[in-house]
**Q** 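Encoded as structure tokens, here's the structure I'll be asking about.
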Amino acid sequence: MLTFKLSSSSNVYTLFLLLLLLNISLCSAIVLPTTLILPVTKDSSTLQYITVIGQRTPLIPVNFTVHLGGESLLVDCERGYDSSTYKPARCKSKQCSFAKVRFDSCGDYCLSKPHPGCNNNTCHYLVGNPVITTYTYGAELAEDVLAIGTAPVVLVSKPRFIFTCVESYLMRRLAKGVKGIAGFGHNSTISIPNQLASLDSRFTRKFGICLSSSTRSSGVIFMGSSPYYVYNPMIDISKNLVYTPLVKNPLDSLTPTEYHVKVSSIRIAGKDVSLNKTLLSINEQGHGGTRISTTIPFTILHTSIYEVVKNAFIKALPKKATMVDPPMKRFGVCFSSKNIKTTNVGPDVPVIDFVLHNKTTFWRIYGINSVVQVKKDVMCLAFVGRDQTWEPSIVIGGHQLEENLLIFDLPSKKIGFSSSLKLQQTSCSKYDKTSKS
């Protein structure tokens, strides 16, 4: 096997596990709507976003880390994978063709007794764990029963859902109890949204992510056509979004399913910051530009971008704000929160605008997403500076995405941003769990 390296559950969560098992027998009787609901919880230790998907025969709930740019449903098959319906994808099979497996990734790689993840005459797929930036060509392509969603909204059962089987080492540094990675990548036929749409014409290649900022209540992934409802009272949060084109990175051979957008400039408190704008585009080597990620806790900025953003943010802070020196280990800018007012969109700090493909299209980041409370009376700018020479210059992380709705419209090749739902006096945890659309 060829591998290489590039560089506490809530009550709501537990209840969902029980509902998944209790309602699994009902799936055949449910009339499918066009939107599927997939609850997502935030792990307090790793800050990863976790969802539950049923798999195997007999069916069991499996915990997965949500990876927006992931290639497939990636499962640890080395420890305890037991299913009477597991079928490896044999060489030259329709499963391999559907997954667009490379010809040289099919063969006899298993040197032990056959078992899930280790069979000969099977196709292998390139997958990775973005948390440890480790990738492998040794993921066995297979299919098995899958149940996704939550009743009574909709629970979809598919008897032959293609996924990838890996060894346990690739699951390092995932949240406790997690057994795999749920991939929602755009340029992969076997990612969850693409495969679901191919298996069921009532679903489209469109989904929305609405992550909760709380570890005690779940956010949601909406899969399929809008409207996407939350309460306050019931409103469709998929309306009035700002859309920007999905940008391709043709030279990215390792992570071609990731989501990139064009950020043309950054504004702090309404003023443009002076950036090296060559970093904002993907260069001839496939580096630079902006990626959106659910596996990075806080937005990463190229060091040169971070320095000007940091300085502009400090300059625009209220005059009564007192800097904390030295700052916290993870963050480079921290200050006392004693004199910072609180608004419905978080601390009253300078707004940050990511100006997208043109000057009139921007995604506004308020205090609830731009800073983080690290301890009593101390908050920090929730951005991280890092040498991104061989990576995207900007990687938008989970904290900045929380309480925002992002819609990924794959047929139209565009992404929609809502800005904070707190502006509408609601949140991602108030999604519609009962109606059948």
Side-chain angles (χ1 to χ4, degrees), residues 1-2 20-21 24-25 27-28 36 51-64 67 70-129 136-149 155-171 178-185 188-201 203 223 257:
M1 182 182 295
L2 175 63
L20 180 63
L21 289 173
I24 211 73
S25 62
C27 59
S28 60
L36 179 148
T51 193
V52 182
I53 298 174
Q55 201 194 28
R56 314 172 194 182
T57 301
L59 195 72
I60 64 170
V62 183
N63 301 342
F64 292 89
H67 178 17
E71 311 86 354
S72 67
L73 187 72
L74 192 157
V75 184
D76 179 356
C77 291
E78 186 175 17
R79 298 177 184 173
Y81 194 104
D82 186 16
S83 175
S84 63
T85 48
Y86 177 92
K87 293 182 179 179
R90 300 300 180 183
C91 293
K92 299 182 180 180
S93 65
K94 63 180 181 180
Q95 291 87 350
C96 298
S97 298
F98 179 77
K100 299 181 179 180
V101 170
R102 291 178 1 189
F103 177 77
D104 59 355
S105 294
C106 190
D108 299 333
Y109 299 97
C110 187
L111 301 179
S112 63
K113 182 180 178 180
H115 60 269
C118 183
N119 292 275
N120 285 323
N121 188 33
T122 54
C123 299
H124 286 72
Y125 202 75
L126 172 64
V127 296
N129 178 348
T136 179
Y137 282 107
E140 179 174 276
L141 204 68
E143 62 180 21
D144 209 335
V145 172
L146 178 122
I148 187 170
L155 184 61
V156 176
S157 179
K158 295 300 175 186
R160 303 178 68 179
F161 196 90
I162 299 173
F163 68 104
T164 48
C165 242
V166 298
E167 297 178 10
S168 300
Y169 79 91
L170 202 65
M171 299 292 102
V178 166
K179 300 297 182 182
I181 297 173
F184 289 79
S188 169
T189 55
I190 60 171
S191 69
I192 292 174
N194 284 338
Q195 189 173 176
L196 184 63
S198 71
L199 292 171
D200 195 324
S201 61
F203 289 92
M223 298 180 64
T257 60

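What you see is a predicted model, and the numbers here were worked out from it, not measured in a lab.
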**Q** Which value, rounded to the nearest 0.5 Å, describes the distance between Ile148 atom CD1 and Thr51 atom OG1?
**A** 7.0 Å

**Q** Can you give me the closest heavy-atom contact between Gly149 and Leu155, atom names plus distance?
**A**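 Distance-wise, the nearest heavy atoms are O-CD1, 3.0 Å.
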
**Q** Would you indicate whether the side-chain heavy atoms of Ser72 and Ile162 approach each other to under 4.5 Å?
**A**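 A side-chain contact is absent here, since even the closest heavy-atom pair is not under 4.5 Å.
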
**Q** Could you measure the distance from the CG atom of Leu73 to the CD1 atom of Ile192? Nearest 0.5 Å is fine.
**A** 5.0 Å

**Q** Please enumerate all residues that pass side-chain contact (heavy atoms from CB on, under 4.5 Å) together with Ser201, with sequence neighbours excluded.
**A**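 Not a single residue meets the side-chain contact (heavy atoms from CB on, under 4.5 Å) criterion with Ser201.
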
**Q** Roughly how far, to the nearest 0.5 Å, is the CD atom of Gln55 from the NZ atom of Lys179?
**A** 13.0 Å

**Q** Return the set of residues passing side-chain contact (heavy atoms from CB on, under 4.5 Å) with Ser168 (not counting sequence neighbours), or none when no residue passes.
**A**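 side-chain contact (heavy atoms from CB on, under 4.5 Å) check on Ser168 returns Asp76, Glu78, Arg79.
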
**Q** Let's go through Cys165 and Cys77 carefully: what are the C-alpha distance in whole Å and the side-chain angles of both, what is the deciding distance for disulfide (SG to SG under 2.5 Å) to 0.1 Å, and is it a yes or a no?
**A** CA-CA 5 Å; Cys165 242; Cys77 291; 1.7 Å; yes

**Q** Any heavy-atom pair between the side chains of Thr189 and Asn194 that's under 4.5 Å?
**A** no

**Q** Under the ring-ring contact (aromatic ring centres under 6.0 Å, His included) test, which residues partner His67, sequence neighbours left out?
**A**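 By the ring-ring contact (aromatic ring centres under 6.0 Å, His included) rule, His67 matches no residue at all.
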
**Q** Donor-acceptor check, side chain of Ser188 to backbone of Glu71, threshold 3.5 angstrom: yes or no?
**A** yes

**Q** For Asn121, is there any backbone N or O sitting under 3.5 Å from a side-chain donor or acceptor partner on Asp108?
**A** yes

**Q** If every non-hydrogen atom of Lys92 is compared with every non-hydrogen atom of Cys123, which pair is closest and at what distance?
**A** N-SG, 4.4 Å

**Q** List the residues meeting side-chain contact (heavy atoms from CB on, under 4.5 Å) with Ala89, not counting sequence neighbours, and say none if there are none.
**A** Ser93, Gln95, Cys96, Leu141

**Q** What pair of heavy atoms forms the shortest contact from Ser191 to Gly185, and how long is it?
**A**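 Distance-wise, the nearest heavy atoms are OG-O, 2.7 Å.
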
**Q** Could you work out, with ring-ring contact (aromatic ring centres under 6.0 Å, His included) as the rule, every residue matching Phe184, not counting sequence neighbours?
**A**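 Counting only residues at least two positions away or on another chain, Phe184 forms a ring-ring contact (aromatic ring centres under 6.0 Å, His included) with Phe207.
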
**Q** Does any non-hydrogen side-chain atom of Leu74 lie less than 4.5 Å from one of Leu170?
**A** yes

**Q** Do Asp200 and Lys158 have side-chain heavy atoms sitting under 4.5 Å apart?
**A** yes

**Q** Does a side-chain heavy-atom distance below 4.5 Å link Thr136 with Tyr169?
**A** yes

**Q** Given side chains that start at C-beta, do those of Phe64 and Val75 come closer than 4.5 Å, heavy atoms only?
**A** yes

**Q** Under the side-chain contact (heavy atoms from CB on, under 4.5 Å) test, which residues partner Thr122, sequence neighbours left out?
**A**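 Thr122 satisfies side-chain contact (heavy atoms from CB on, under 4.5 Å) with Pro88, Arg90, Asn119, His124, Glu140 only.
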
**Q** For a 4.5 angstrom cut-off between non-hydrogen side-chain atoms, does Val166 reach Asn129?
**A** no

**Q** Would you compute the distance between atom SG of Cys110 and atom NE2 of His115 and round it to the nearest 0.5 angstrom?
**A**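 It comes to 6.0 Å.
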
**Q** For Gln195, is there any backbone N or O sitting under 3.5 Å from a side-chain donor or acceptor partner on Ser198?
**A** yes

**Q** Which atom pair, heavy atoms only, marks the closest approach of Gly54 to Leu59?
**A**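 Closest approach of Gly54 to Leu59, heavy atoms only: C-CD1, 3.6 Å.
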
**Q** How far apart are the closest heavy atoms of Phe203 and Val156, and which atoms are they?
**A**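 Where Phe203 meets Val156 most closely, the heavy atoms are CZ-CG2, 3.8 Å.
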
**Q** With side chains defined as the heavy atoms from C-beta onward, is the minimum distance between Ile53 and Val62 less than 4.5 Å?
**A** no

**Q** Can you tell me if CG on Asn120 sees more than 12 non-hydrogen neighbours from other groups inside 6.0 Å?
**A** yes

**Q** Please report the closest heavy-atom contact between Ser83 and Asp144, naming both atoms and the distance.
**A** OG-OD2, 2.8 Å

**Q** Anything under 30° is parallel, anything over 60° is perpendicular, the rest tilted; go ahead and classify Tyr81 against Phe163.
**A**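 The rings of Tyr81 and Phe163 lie parallel, inter-plane angle below 30°.
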
